[in-house]
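If you read the sequence from its start, that first residue is 1, and numbering goes on from there.
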Amino acid sequence: MPKEYRTIQEVAGPLMLVTGVENVAYDELGEIELKNGEKRRCKVLEINGGNALVQLFESSTGLNLESSKVRFLGRSMELGVSEDMLGRVFDGLGRPIDDGPEILPEARNDINGLPMNPAARAYPQEFIQTGVSAIDGLNTLVRGQKLPIFSASGLPHAQLAAQIARQAKVRGTSDPFAVVFAAMGITFEESNFFVESFRESGAIERTVLFVNLANDPAVERIATPRMALTAAEYLAFEKNMHVLVILTDITNYADALREVSAARKEVPGRRGYPGYMYTDLASLYERAGRQKGKTGSITMIPILSMPEDDKTHPIPDLTGYITEGQIILSRDLHRKHIVPPIDVLPSLSRLKDKGIGEGKTRADHSNVLNQLFAAYARGKEAKELMVVLGEAALTAMDKKYAAFADAFENHYVSQGYQTDRSIEETLSIGWDLLRMLPRTELKRIDEKYLDMYYEK
């Protein structure tokens with residue numbers, strides 16, 4: 001039986017100081033028992049001699065220092081995992097909230113996981129089809145990749161996340177595919193939107209949801225993505241599934257990190273965020289990937305809303321360093337009712353070349369991708385010129401490029417949240433658009449592909 005301590009000295013916000021403790025370790029879980037028998041969970045943040053600084057998972061309301069008891073459980077935070085988690089909804093600490101039964105775990109895994117040995121990593125190189133043209137065609141997602149979505153407040157990243165979760169699939173394989181979806185600090189309406197969206201499409205059968213609401217404690221928010229990744233690691237590396245992990249919203253997670261750091265009176269870094277935020281985010285993102293000798297994999301799409309639409313803000317800035325590219329949502333496209341409003345020019349998937357081409361998507365994919373980028377960039381320049389100098393200043397070719405840019409946004413990028421396009425459809429729409437330009441302008445496409453597709 002764990003030893004009980006009645007030596008709570010003080011409580012400050014989510015933190016509590018317990019004195020005279022023995023054999024207590026960093027990150028160990030504890031249980032506080034109130035006078036009325038109610039139990040609350042906590043974990044050890046710091047040990048200094050016989051003093052333990054403890055972080056509460058629930059609020060400290062009603063905690064009487066004299067009559068409350070603390071027990072330390074001798075283990076860190078764990079998640080009970082089993083295949084029965086698929087199709088279920090949990091709170092941020094892994095407790096079922098969908099009125100279903102408790103999970104009977106096959107194993108109990110530490111939520112901090114173990115970092116993947118770089119030498120044991122396999123290179124990401126298989127195409128994942130999301131059904132979204134702006135991603136599949138131009139910023140391709142590859143199995144085992146970390147590809148964040150940079151959004152901003154008021155932009156429809158929730159709809160895009162739900163669409164990718166519903167539609168994503170690994171082509172050409174019969175291996176099972178699962179989605180682990182973790183939502184941090186979202187409203188009840190958003191949470192309801194995700195659950196209902198997955199239920200309606202039947203995607204919930206292959207999805208595990210972890211939902212931490214905005215009114216849940218900040219401490220729980222820090223545990224939520226770790227819970228999700230622990231479930232993903234089990235499904236990927238024990239059950240050989242291809243797992244897509246979607247984390248939304250990383251900004252709420254980082255704000256919770258800042259809140260707890262401030263309560264601990266730590267020295268703040270940029271914009272008040274803790275100096276170790278880079279390390280902390282890396283400890284989450286680097287849990288994605290593929291392992292040599294295992295068929296399962298974890299592909300990750302973290303979603304973050306950039307404060308003040310600023311991509312130099314510490315959260316997107318650090319995320320960009322750790323991950324392999326970014327998909328950027330644009331307020332201008334959103335105002336033009338382009339759905340989803342993905343701005344393809346500043347977006348980037350650093351691994352796209354590894355996941356496209358013969359045997360993966362189609363041989364002409366790389367050529368079409370480069371030509372679409374180049375033509376759209378020139379079309380945008382022509383449109384900017386038109387705003388400054390008027391249409392009369394444009395050459396006939398500039399006008400063609402300007403028309404191309406409009407058609408590209410309206411037909412290629414804008415597809416709605418219910419349309420699931422195969423990569424063949426995406427490439428075919430790309431060719432339809434390129435036919436708006438004379439063949440002599442398509443300098444980035446090999447002649448043999450022009451003969452095959454342009455003349456059709």
Side-chain angles (χ1 to χ4, degrees), residues 1-81 91-95 102-103 105-115 212 216-227 229-230 233-234 253 256-268 274-277 279-280 282-284 287:
M1 188 70 186
K3 187 174 175 185
E4 288 186 347
Y5 297 95
R6 291 177 178 267
T7 50
I8 302 174
Q9 292 304 307
E10 60 174 313
V11 176
L15 304 181
M16 181 174 86
L17 182 66
V18 187
T19 56
V21 301
E22 294 167 4
N23 300 327
V24 172
Y26 167 74
D27 224 21
E28 191 173 324
L29 269 190
E31 200 172 60
I32 305 156
E33 192 177 320
L34 276 56
K35 192 176 181 181
N36 61 4
E38 184 193 336
K39 290 180 180 169
R40 294 183 190 170
R41 294 204 280 180
C42 59
K43 79 167 182 178
V44 178
L45 276 188
E46 243 172 69
I47 290 286
N48 186 354
N51 298 343
L53 183 67
V54 171
Q55 183 171 339
L56 298 163
F57 283 117
E58 286 101 339
S59 79
S60 54
T61 321
L63 229 164
N64 184 318
L65 301 191
E66 272 113 51
S67 58
S68 300
K69 300 179 284 200
V70 184
R71 278 187 292 273
F72 293 101
L73 306 178
R75 57 184 170 84
S76 59
M77 201 158 184
E78 294 172 334
L79 175 69
V81 289
D91 70 1
L93 292 177
R95 296 171 294 211
E102 286 287 331
I103 296 289
E106 282 181 23
R108 300 197 75 84
N109 294 346
D110 183 340
I111 67 161
N112 296 304
L114 284 170
N212 163 272
D216 289 333
V219 182
E220 183 179 307
R221 205 156 300 148
I222 294 172
T224 306
R226 291 180 168 81
M227 290 280 173
L229 284 159
T230 305
E233 282 165 347
Y234 170 78
Y253 170 82
L257 214 57
R258 177 167 65 175
E259 191 179 317
V260 172
S261 169
R264 288 171 67 176
K265 298 186 171 61
E266 291 172 339
V267 177
Y276 52 79
M277 187 163 82
T279 320
D280 192 278
S283 73
L284 293 181
R287 288 170 75 174

Practice problem: Let me see the working for D280 and R226 under salt bridge (Lys or Arg N to Asp or Glu O under 4.0 Å), right down to the final yes or no. | Solution: CA-CA 11 Å; D280 192 278; R226 291 180 168 81; 3.3 Å; yes
So, taking the atom named [atom1] in [X] and the one named [atom2] in [Y], what distance separates them when rounded to the nearest 0.5 Å?
{"X": "E58", "Y": "L93", "atom1": "CD", "atom2": "CG", "result": "7.5 Å"}
{"X": "S68", "Y": "E4", "atom1": "OG", "atom2": "CD", "result": "11.5 Å"}
{"X": "N64", "Y": "L34", "atom1": "CG", "atom2": "CG", "result": "8.5 Å"}
{"X": "Y253", "Y": "N212", "atom1": "OH", "atom2": "CG", "result": "12.0 Å"}
{"X": "I8", "Y": "L17", "atom1": "CD1", "atom2": "CG", "result": "10.0 Å"}
{"X": "R258", "Y": "M277", "atom1": "CZ", "atom2": "CE", "result": "8.5 Å"}

If I compare all heavy atoms of [X] with all of [Y], which pair ends up nearest, and what's the gap?
{"X": "E28", "Y": "G74", "result": "OE2-N, 2.8 Å"}
{"X": "P274", "Y": "S261", "result": "CB-OG, 3.6 Å"}
{"X": "N109", "Y": "A107", "result": "OD1-CB, 3.9 Å"}
{"X": "V21", "Y": "A52", "result": "CG2-CB, 4.0 Å"}
{"X": "E220", "Y": "F57", "result": "N-CD2, 4.4 Å"}
{"X": "Y276", "Y": "R264", "result": "OH-NH1, 4.4 Å"}

Exercise. Evaluate side chain to side chain contact (heavy atoms under 4.5 Å, CB included) for L56 paired with V219, printing each intermediate quantity in order.
Key: CA-CA 7 Å; L56 298 163; V219 182; over 6 Å; no
Quiz item: Got more than 12 heavy atoms from elsewhere within 6.0 Å of CG, N36?
Solution: yes
Quiz item: Considering residues at least two apart in sequence or located in another chain, which fulfil the ring-ring contact (aromatic ring centres under 6.0 Å, His included) criterion with Y5?
Solution: F72
Quiz item: Given M16 and V70, is the side chain to side chain contact (heavy atoms under 4.5 Å, CB included) satisfied, shown in steps?
Solution: CA-CA 11 Å; M16 181 174 86; V70 184; 3.8 Å; yes
Self-check item: Name of the residue among L284, I111, T230 meeting side-chain contact (heavy atoms from CB on, under 4.5 Å) with P225
Solution: L284
Quiz prompt | Step-by-step side chain to side chain contact (heavy atoms under 4.5 Å, CB included) determination, D91 to D216 | solution = CA-CA 9 Å; D91 70 1; D216 289 333; 5.7 Å; no
Exercise. Would you please test R221 and E259 for salt bridge (Lys or Arg N to Asp or Glu O under 4.0 Å) and show each step?
Key: CA-CA 11 Å; R221 205 156 300 148; E259 191 179 317; 5.6 Å; no
Self-check item: V18 vs T7, side chain to side chain contact (heavy atoms under 4.5 Å, CB included): CA-CA, chis, key distance, verdict
Solution: CA-CA 6 Å; V18 187; T7 50; 3.5 Å; yes
Hey, can you pull the donor-acceptor pairs under 3.5 Å for the side chains in residues 38-45, sequence neighbours left out?
from : atom 1 : to  : atom 2 : distance (Å)
E38  : OE2    : R40 : NE     : 3.0
E38  : OE2    : R40 : NH2    : 3.4
R40  : NH1    : S59 : O      : 2.6
R40  : NH1    : T61 : O      : 2.8
R40  : NH2    : T61 : O      : 2.9
K43  : NZ     : D27 : OD1    : 3.3

Exercise. Using atom types as modelled and distance alone, determine if a side-chain donor or acceptor of E46 lies under 3.5 Å from a backbone N or O of L53.
Key: no
